[in-house]
Structures are given as structure tokens and as C-alpha cells.
Asks: 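I am attaching a structure below and will ask some questions about it afterwards.
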Amino acid sequence: MSGDREAILGRIAEALREEAPRHHEHVGNGRHASAAPAFQQWLPPVGASHAARLELFSQLCEVLRTEFKHCANANAAAKHIAALAKEGNWRRIALHAGELNDAVAAHLPPTLDLMRIESGYDRDALESCDAGLTECESLVAQTGSVCVTSRSSGGRTLSVLPPHHIVLARENQLVADLTAAYAELAQKYGSSYPSFLGFISGPSRTGDIERILVLGAHGPRRLTILLVP
Amino acid sequence: MRVTLFVPCFIDSLYPGVAMAMVKVIERLGHEVDYPEGQTCCGQPPFNSGYWDEARAVAERQLAVFRDAEVVVSGSGSCGAMFKVFYPELFAKTAQESAAQALSAKTYEFSEFLVSKLGVRDVGATFEGKVTFHDGCHGLRELGTKAAPRELLRHVKGLELIEMGEAEACCGFGGMFAVKFPQISTAMAEVKCNSIVETGVEYVVSNDSSCLMQIQGYLSRHSPRVVKSLHLAEVLART
Amino acid sequence: MSAATQFHTDADRTTADEPRRAFIRKALHGYEIKRDESKAAFSDWQQARDAAAAIKYEGVNRLDAYLREFEEKFTARGGKVFWASTSAQAREYIQTLAREREVKSIIKSKAMTSEEIHLNEALEQDGYEVVESDLGEFIQQLKHEPPYHFVFPCMHLKRDEISALFEKELGSAPTDSPEELTMIARRFLRRQYLKADLGISGANFIVAETGMISITENEGNARLTTAMPRIHIALVGIEKVIPKLADLALLLPMLAIGGTGQHLTCYNSMYGGPRQEGEVDGPEEFHVVLLDNHRTRLLADAQQRDALHCIRCGACLNVCPIFKNIGGHAYGTTYQGPIGSVITPHFRGLQDWKHLSAASSLCGACTEACPVKIDIHHHLLHNRRNAVAEKKVWWERIIWFGFVQLMSRPWAYRLSTRFAPLGQWLHPFLQNSGLDPLHAWTSTREFPQAATTSFGDLWRARKVGSK
């Protein structure tokens with residue numbers, strides 16, 4: 001059942017017979033193919049070098065209240081997580097299988113219960129976890145965002161349900177801007193995208209009450225990104 | 001240069017001093033001023049009310065009156081915008097389309113005329129006092145006039161320009177809007193006038209007398225202290 | 001009461017409430033500062049607006065082709081598309097689906113389209129528990145009040161009002177901390193996500209190229225709504241379609257800056273189909289309801305078609321002096337503010353809603369703020385013109401007839417300026433009498449003293465004198 005498809009498409013075709021005026025004078029005659037690549041140059045500059053972009057990413061993390069940390073290796077990342085766990089009295093963290101996740105998980109203290117979700121999980125159990133540990137597709141310098149997908153980051157829920165989201169990323173996953181992030185996704189997945197793609201820019205927040213910033217509205221109160229070489 | 005004045009109807013009958021001041025400034029700069037007596041109203045009231053046929057009937061008159069003018073200078077950003085921006089739309093696909101385009105091309109708001117067309121910044125004026133400037137919305141957003149009046153004010157001897165918070169906020173006049181929705185219009189004036197009063201100035205200056213009618217109208221009734229409104233031309237005319 | 005009379009009554013009441021107006025002004029001033037910071041980081045904001053307008057122009061002006069492309073791609077991934085001409089069709093589809101799938105509990109993330117078609121009421125009548133999960137929407141739902149602003153639904157409420165509301169509806173302890181209030185809602189809504197079997201969302205964009213919808217939010221409630229229930233329905237206006245996925249690289253920042261002033265909203269999520277093979281979670285079914293509901297009527301108006309470019313960021317509300325002074329509820333519409341005044345007459349009838357186009361000083365702050373360059377304030381003029389072309393008001397017609405007679409005869413006009421001082425001399429006798437023609441002005445403001453001699457007469461005297 002597709003409803004009133006033909007009627008709507010018919011009305012649209014009829015309506016579009018008259019051409020609409022254009023108010024966007026700077027961009028030629030608007031045929032999309034030419035407009036698309038052009039806009040990158042108007043967006044905030046990201047710097048040419050990897051170091052400059054890393055610096056920008058780090059600055060934006062601060063603005064966004066994301067905890068961003070360089071770790072020498074998987075072991076160091078595990079140590080950082082262990083410290084967070086100790087500080088927050090964590091009992092259990094959830095994670096998905098992945099090269100980086102597994103490497104780090106191998107160094108986590110045995111006192112920390114690890115809940116693996118790749119072959120299905122109990123929602124209440126996931127909800128009661130103290131943190132979710134995921135990998136990502138990329139980090140975006142221009143916006144301070146983490147790009148996650150349902151394939152790279154353990155589905156849709158792991159990165160949003162537990163109160164603390166920890167992201168493991170490799171240094172070469174840093175891309176310049178959203179355009180570059182999309183280009184990478186297109187290259188990696190072609191026409192078979194994961195069912196969920198997302199850009200996460202800081203921990204969950206709301207300003208709905210008197211426009212005062214409160215973190216952890218519905219999603220994680222804290223977001224930690226651990227960068228390993 | 002022979003400068004043709006467009007004196008909108010409400011300036012003509014309520015603020016003749018503003019038009020006189022314009023004459024004074026332009027003549028002081030060595031130009032000849034002309035005022036075609038057949039001019040009446042730009043037609044904005046019916047235009048803004050949706051009565052475009054009626055607006056055209058009045059506007060046609062102005063097209064004829066200003067046909068031979070070299071440049072047309074308006075003392076109101078709003079009425080200037082009517083000539084410059086809305087006439088071409090009002091007369092689109094009519095016999096007068098090209099006449100409307102021609103008038104549009106040669107029409108200037110007063111401050112823009114002095115700064116952009118004549119290239120003058122210092123008109124030789126002296127004015128003692130603290131002044132804040134209100135941007136009329138039509139001048140600001142339809143005509144893009146923002147820097148010119150400030151350039152001119154900065155070159156007036158003795159004048160101290162103090163920017164108000166929200167200089168670009170509407171005063172709430174809006175023509176028929178002011179009487180169709182007096183409560184909303186007055187609430188807007190209240191916000192505007194509070195930011196004027198907060199600057200501590202003695203004068204509020206604008207390039208649009210219609211805004212000043214609203215601002216002065218509110219200030220005279222409600223302001224805790226006297227702030228006087230003046231058209232930019234009245235400031236520039238003082239020596 | 002007609003919508004116009006209601007508007008006058010409500011606007012007069014809300015403009016008299018200075019403390020609330022000051023509260024709104026302060027909130028929006030904070031927005032402006034943040035927005036300006038984000039804009040300043042751009043290499044060229046104006047060019048970016050143009051590029052964004054070009055993308056939306058392309059989407060809207062080849063709407064049929066892009067909707068077909070979306071449908072094909074989305075369906076290929078296991079999604080279902082339903083095309084609804086009217087609100088009734090959209091509601092019926094969702095109600096039927098809920099019944100057939102034996103849904104018990106429904107969670108919603110913010111969707112103005114659902115306000116537009118009054119979906120909650122319909123579902124509640126069917127006996128479902130429907131819970132709004134966006135904090136602002138949740139508060140408004142508890143308050144049984146429509147959103148005040150389509151991006152900031154409860155921006156008019158102070159913390160003590162929210163605390164009292166939570167105390168009454170949820171039995172929580174009173175608090176004056178926005179954080180604690182947020183946590184009360186968080187705890188309550190967590191339980192709802194876990195038990196809901198149907199999640200309903202809107203969408204900010206439809207991506208033709210990849211068959212996806214895109215949702216922008218800060219709280220994470222939409223992510224949970226689209227992740228946990230076994231069915232996801234997105235109710236989306238047909239005009240939301242954009243050609244390419246990578247277009248979002250521009251549109252997402254533009255939406256954020258216009259909406260909240262952030263350089264990017266916290267969560268920008270794209271969904272292409274239900275849970276795919278090899279994925280660990282996600283809904284079993286994903287339906288997109290494409291809603292027309294008179295959008296094609298607006299589309300047919302080529303001059304105002306760009307109003308369909310709207311990305312519902314709310315930038316025009318945030319800068320609008322009318323909105324700031326009358327507040328969101330006085331409009332009486334689903335979409336408040338300048339863009340609402342432009343589109344509502346197309347959706348709900350020009351004669352009934354033309355008063356919103358008249359209730360504007362045409363200052364143009366909206367058009368200047370719009371990140372996709374909709375010619376908003378000029379469309380208010382166009383609505384006024386169209387309303388008159390359709391149906392003239394008899395007394396207005398008389399006034400403007402008289403006006404034309406006067407203004408197209410310079411001698412008559414000149415004569416009238418000589419009577420102005422007389423009129424003004426007579427005015428005090430009429431003031432406050434009901435016969436006062438200037439009452440609407442002088443009730444709140446002073447009227448200037450007419451000059452004894454008009455400029456025209458001064459000029460003539462000057463010319464005579466110099467000869």
C-alpha cells in the first residue's frame with residue numbers, strides 16, 4: 001500500500017510547470033552538480049596540516065565538553081578507562097567486537113565486567129551498564145564530531161543508552177570536514193550503507209529549561225574520545 | 001549636479017524642516033536642488049495593504065513626475081525603497097516596467113546619495129551633543145544602507161555617536177501596521193526606546209522620519225527624560 | 001471567534017505581559033550571541049547561505065524526481081513509503097499500522113508534522129499511551145499546551161513553573177535546578193524507551209540519493225526513539241527532500257546555527273531502512289509517511305515556492321520583533337513566527353489567516369536571518385496582495401479609493417496639507433470620544449504637530465522670493 005502516490009506526484013508535476021525565481025544570486029544557475037563541491041570553501045577553515053586539524057579537533061572538544069585524550073597505545077587507553085571506572089565505581093561496561101575494542105579490552109582490569117553485545121543483548125542489562133565502548137568511522141576536525149554507524153560502532157543503541165560513551169579512534173581516522181567524512185563513507189560502503197549513520201558532537205545536552213545547558217538529557221552525560229596512534 | 005528631491009507626503013506636511021534641511025545640505029555642497037511640485041505619495045500605504053492596483057494608480061503619477069530627473073533623493077529610506085525596490089515589482093509585466101526600472105536606478109536614500117554618489121563624508125556640519133543612530137528597516141535591509149549615515153555623523157564636529165544595543169531592531173512603525181496592531185507596534189517601540197534611553201544620549205537620529213514619528217511619539221509619552229528625535233539631514237544642516 | 005479576532009485578543013494580552021516578554025528577549029539575546037560566534041567562524045556566511053538555498057531550490061524544484069528516487073532507494077533497503085495527501089490519510093495509516101502490529105506503547109521524538117496533523121490526539125483516542133520524549137515537548141505535553149516555538153517548545157516557561165508541573169504530574173519533589181528537572185524527565189522517559197514498541201519521529205531532511213532520512217537533535221531522544229522500539233515511523237513533509245547525502249555537510253551546520261546558534265547540533269543521524277543483516281539492533285520495520293497536506297498548493301505558487309525551502313530552524317522566529325513581543329501561542333498556528341505567517345494561509349486558507357501577514361512591520365529581520373534565503377517578509381506582502389485580489393474588504397476599498405483620488409491629483413493633495421493644521425486643532429475635541437480617527441495611534445503614543453506650512457508651500461514661497 002503506497003497511499004496517494006500518483007495523486008501527489010501528479011500535483012507536484014502540475015505545480016512545477018511554472019519556474020520559480022531564484023534568490024541565491026552567487027551560485028550560478030543552481031544545477032546541483034556544480035553547487036555541491038563549491039560550498040566547502042565557505043565553511044569554517046580547518047587548516048592544511050594534520051597537526052592543525054588535530055589541534056582544531058581538540059579545541060572543539062573542549063567547547064563541546066567532550067573529553068579528548070591521546071593514548072600511547074591500547075594499553076594506555078585501557079588504563080585511562082580503568083581510571084574512569086575506578087573514579088565512577090563502574091561495575092560493567094558494554095562493548096562490541098572490533099580490532100581496537102578487543103585490543104583495549106584485553107588490558108582492562110578483570111574486576112570490570114564486560115558485556116559484549118555483538119550477538120544480541122538484553123536491553124535492561126545494557127541500560128544498567130556504566131559505559132559503552134565503541135569504535136568509530138572517523139573524527140571530524142571542522143566540527144569536533146565523531147562519525148559512528150551501526151556497523152562500526154555496535155549498532156544504534158550502544159553509543160547512546162549507557163551514561164558514558166567512550167570512543168576509541170586511531171589517529172589516521174581524523175578527517176577534515178563533514179564532506180570528507182561523507183566521502184569516506186561513500187567509498188567504504190558504496191550503495192550498501194549501514195542503516196544508521198550519525199555524527200556525535202559532544203555529550204547529550206538540552207537547553208530546553210530557560211536555555212540553561214544541562215548535559216545528559218537522554219543520552220550519555222559524558223563523552224570520552226581516546227586517540228591511539 | 002541637479003538633484004531632484006522626493007519629499008514623501010508625511011515629511012511634506014508633518015516634517016517640512018527635514019526637507020528644508022536636505023535642501024540646505026545639498027546646496028551647501030554646491031549642487032542645484034529641484035522639487036517637482038506634482039509629487040504626492042509613493043503609494044506605499046495601499047501597496048503594503050495589498051491594494052496594488054490602487055498603489056499603481058498613485059505610483060504612475062510619481063513615474064511621470066520624476067521621468068526627467070537626473071537623480072532622485074529621498075528623505076525616507078522607506079519611501080526610497082518603494083521607488084527603488086518595490087516599483088519594479090509593482091510594475092513588472094506592465095507598460096511602465098522600464099520607467100519603473102529607470103526610476104529605481106536613479107533613486108537614492110539621502111545618506112547613501114551623499115556618501116556613495118557624491119563621495120562626501122564631511123558636509124561641514126557642527127552639532128554639539130550625544131547622539132544615537134536608529135537604522136530604519138527599509139533603509140537597512142531593502143537598500144543595504146548601514147555605513148553611510150554613520151560615516152556622515154562621525155564627521156560632524158562636536159557630535160558624539162553612541163551606538164545603542166539592538167540598533168537594527170525595528171521601532172514597530174511599519175506604516176498601517178502601527179494603527180492596525182497598536183499594541184504590538186507600541187510594545188516594539190517600548191523595547192526600541194528603552195535601548196535608546198539606556199545610551200544616555202540627548203538625541204536619536206535616523207534617516208527615516210516615519211521611524212522617528214513612532215520613536216518620538218513613544219518617548220514623548222513614556223520616556224523618563226527628554227530625548228529628542230532628529231532626522232539625519234537636520235543634524236547635517238547645522239553649522 | 002474567528003482566528004483574526006482571537007489573534008488580536010491574544011496578542012493584546014501577551015504584549016501587556018512585560019516580564020514574560022523580557023524573559024523571552026533575554027533568552028533570544030543569548031541565542032544571538034552564540035549564533036554570531038558560529039557564523040563568524042565561516043569563511044563566508046553569505047555564500048554559504050546561497051549554496052544552501054541552491055541545494056534546497058534543486059530539491060524543491062525537481063521534487064517529483066527526487067521523491068521517486070528516495071522511494072526507490074528506501075524501499076530497496078526494506079523500508080516502506082506511504083504517500084499521504086491529507087492529514088486524515090496520514091493519521092489513518094499510522095493508526096491502522098499500530099492496530100495491526102498490536103502496538104502497546106508509543107514513544108515520540110519531536111515532529112512538527114505530528115502537531116500539524118494532530119496525531120497524538122488520534123492515537124490517544126484509540127487508547128494508546130503516547131509519550132513525547134523531547135524535553136520541551138514532554139513538558140508541553142504534560143501541560144496540555146501546544147509548543148510555544150517549533151524549536152524551543154517551552155522557552156516561555158520558568159523553572160518554578162516546570163517544577164510545579166512535574167510535582168503535579170509526576171509526583172517529583174520541587175526543585176529550582178534545571179539540571180535536576182532534566183534528570184526527573186530523563187528517569188521517567190528511560191522507562192518509556194524500554195517499553196515502547198512503536199517510535200514515531202519526524203525528519204529534518206530526506207536524502208534522495210541514498211534513501212535516507214536525517215534527524216537533528218541535541219538530547220539523544222530521537223536516537224533512542226529510532227533505536228529501541230520494534231517499529232519506526234517517520235512522518236515527513238514532502239518538501240524535505242535534498243538531492244545528495246553530502247549536501248548535509250552544508251545543511252547540518254546551517255540548521256544548527258539558525259536553530260540554536262551551535263556550530264553543529266549534538267546528534268545528526270541518518271537512517272536508511274530498518275535493521276539490516278548483520279546489525280545488532282534497530283527496528284524490524286521502518287515506515288516513512290510522506291505528507292503533502294497542501295504543500296503542493298504552496299508549490300504551485302511559483303513566487304512563494306521558496307517557502308518550501310524552509311528547514312524549520314526557527315532562525316526567523318528568533319530574530320522577529322513580533323514573535324518576541326506576542327510570543328508563540330498568539331499565532332494560533334502549528335508553525336509560529338514569520339515563516340508560519342507565510343505558509344499557514346496556504347495550508348489553512350488565505351482569508352482566515354491573512355491577518356498574520358498583516359501583523360508585521362515588514363522589517364525584514366527574518367529574511368536576513370534565514371539560512372536558506374527564503375524571501376520571507378516579501379511573501380507577507382504577497383499574501384496581503386493575494387488576499388485582496390481574491391476578496392476586497394468593502395471599507396478598505398473605500399479608503400483606498402479616496403486615497404487614490406487625493407494622491408493622483410496634486411492640487412487636491414496640496415489643498416489637504418493646508419487643512420492638516422485645522423484637523424489637528426480639532427483633534428483634542430474628539431480625543432477619547434470614539435470618533436477620534438487617530439485613536440489607534442494616540443492611545444499609546446503622541447502624534448506629531450502638523451506644520452503650519454507644508455514643504456511644498458515653503459518651496460513655492462522660496463522660489464517666488466528668489467525671483
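A note on names: the letters A, B, ... follow the listed sequences, proteins ahead of strands, and every chain is numbered from 1.
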Asks: Checking A387(C) against chain B: side chain, backbone, both or neither under 4.5 Å from a heavy atom?
Replies: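 When you check distances to chain B, no heavy atom of A387(C) falls under 4.5 Å.
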Asks: Centre-to-centre under 6.0 Å for F403(C) and Y51(B), is that the case here?
Replies: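 Not close enough - the centres of the two rings lie 6.0 Å or further apart.
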Asks: So does E37(B) pair up with K463(C), basic N to acidic O under 4.0 Å?
Replies: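 Here E37(B) pairs with K463(C) in a salt bridge, since their nearest N and O are under 4.0 Å apart.
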Asks: Non-hydrogen atoms of chain B under 4.5 Å away: do they reach the side chain of L458(C), the backbone, both or neither?
Replies: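 Both parts, heavy atoms under 4.5 Å.
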Asks: For H8(C), is it the side chain, the backbone, both, or neither that has a heavy atom closer than 4.5 Å to a heavy atom of chain B?
Replies: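 The side chain, not the backbone.
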Asks: Heavy-atom distance under 4.5 Å to chain B: side chain of E396(C), backbone, both or neither?
Replies: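 Both backbone and side chain.
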Asks: Is a donor on one side and an acceptor on the other found under 3.5 Å between the side chain of H222(B) and the backbone of T444(C)?
Replies: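 Checking the backbone N and O of T444(C) against the side chain of H222(B), a donor-acceptor pair under 3.5 Å is found.
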Asks: For the pair D12(B) (side chain) and G456(C) (backbone), establish whether a donor and an acceptor sit closer than 3.5 Å, ignoring hydrogens and angles.
Replies: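 Yes, the answer is positive, given that a donor and an acceptor are paired below the 3.5 Å cut-off.
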Asks: Determine whether E18(C) and E190(B) make a side-chain contact, defined as any pair of heavy atoms from C-beta on separated by less than 4.5 Å.
Replies: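 With C-beta onward as the side chain, the pair touches.
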Asks: Given that the side chain runs from C-beta out, which part of E390(C) has a heavy atom under 4.5 Å from chain B: side chain, backbone, both or neither?
Replies: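 Neither the backbone nor the side chain of E390(C) comes within 4.5 Å of chain B.
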Asks: Give a yes or no answer on whether the side chain of R21(C) reaches the backbone of V191(B) with a donor-acceptor pair at less than 3.5 Å.
Replies: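 Not confirmed, R21(C) side chain does not pair with V191(B) backbone.
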Asks: Could you go through E27(B) and R462(C), starting from their C-alpha distance and side-chain angles, then the distance that decides it, and tell me whether this counts as salt bridge (Lys or Arg N to Asp or Glu O under 4.0 Å)?
Replies: CA-CA 14 Å; E27(B) 285 181 349; R462(C) 188 178 188 250; 2.7 Å; yes
Asks: Donor-acceptor check, side chain of R61(B) to backbone of R409(C), threshold 3.5 angstrom: yes or no?
Replies: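 No; judged by distance alone, with no hydrogens or angles, the pair does not exist.
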Asks: Name the region of S360(C), side chain, backbone, both or neither, that has any atom closer than 4.5 Å to a heavy atom of chain B.
Replies: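 Just its backbone gets close to chain B.
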Asks: Can a donor-acceptor pair be found, under 3.5 Å and without considering hydrogens, that links the side chain of R141(B) to the backbone of C363(C)?
Replies: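 A pair under 3.5 Å: yes.
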